[in-house]
Amino acid sequence: MEEPHAFLDRFYISRIGICVLIGKYLSLRQQPVHNYIGIICQKTSPYKIAKRAIDDASFMCNRKYGDAPEVIITGRL
């Protein structure tokens with residue numbers, strides 16, 4: 001069972017990478033958009049994205065199991 005999972009992991013990672021490269025190429029050929037470099041928004045906060053994902057996962061865990069683990073984000077915030 002491990003072999004099919006490894007194959008699918010490689011397949012989807014490759015597919016995601018190709019989609020990002022295509023998106024980057026196409027966006028660089030269009031008119032510039034304020035606060036964006038290609039498909040990358042300069043004002044994106046990885047902390048806010050991670051916090052939202054943690055909040056969503058905690059909500060689902062609390063709803064399903066009645067409890068959720070504490071998640072601590074460390075580093076330069």
Side-chain angles (χ1 to χ4, degrees):
M1 190 70 162
E2 184 65 30
E3 190 173 321
H5 285 290
F7 168 77
L8 290 173
D9 285 346
R10 287 191 312 272
F11 173 77
Y12 285 117
I13 293 293
S14 174
R15 186 175 169 105
I16 290 168
I18 290 168
C19 288
V20 168
L21 288 173
I22 291 170
K24 179 82 171 153
Y25 172 78
L26 292 175
S27 66
L28 288 173
R29 297 185 51 82
Q30 297 174 353
Q31 293 294 323
V33 178
H34 183 64
N35 289 326
Y36 277 82
I37 298 175
I39 60 173
I40 309 298
C41 179
Q42 294 176 314
K43 299 214 177 224
T44 298
S45 168
Y47 170 80
K48 288 180 183 177
I49 293 170
K51 182 71 174 122
R52 183 181 296 170
I54 291 166
D55 292 343
D56 289 346
S58 294
F59 173 77
M60 288 186 276
C61 285
N62 279 319
R63 187 176 61 187
K64 176 81 173 174
Y65 302 109
D67 197 15
E70 180 184 6
V71 178
I72 300 170
I73 301 174
T74 61
R76 294 185 333 181
L77 307 175

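Residue numbers count from 1 along this sequence.
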Donor-acceptor pairs are to be reported for all side-chain atoms of residues 25-33 against protein atoms at under 3.5 Å, with residues two or more places apart or in another chain.
unit_1, atom_1, unit_2, atom_2, d
Ser27, OG, Gly23, O, 3.1
Ser27, OG, Lys24, O, 3.0
Ser27, OG, Ile39, N, 3.3

Side chains of residues 62-69: which donor-acceptor partners sit under 3.5 Å, not counting sequence neighbours?
unit_1, atom_1, unit_2, atom_2, d
Asn62, OD1, Asp67, N, 3.4
Asn62, OD1, Ala68, N, 3.4
Asn62, ND2, Ser58, O, 3.2

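Enclosure of atom CD in Glu3 is not indicated, since only 12 or fewer non-hydrogen atoms of other residues, nucleotides or ligands lie within 6.0 angstrom.
Checked against side chain to side chain contact (heavy atoms under 4.5 Å, CB included), Ile73 has the following partners two or more places apart in sequence or in another chain: Tyr47, Ala50, Ile54, Leu77.
Placement of Tyr12 and Phe7 within a single hydrophobic cluster is found when ILVMFWY residues are connected by side-chain heavy-atom separations under 4.5 Å, directly or transitively. The hydrophobic clustering, which links ILVMFWY residues whose side-chain heavy atoms are closer than 4.5 Å, places Ile16 and Ile40 together.
Salt-bridge formation is detected for the pair Asp55/Lys51: a Lys NZ or Arg NE/NH1/NH2 atom is positioned less than 4.0 Å from an Asp or Glu carboxylate oxygen.
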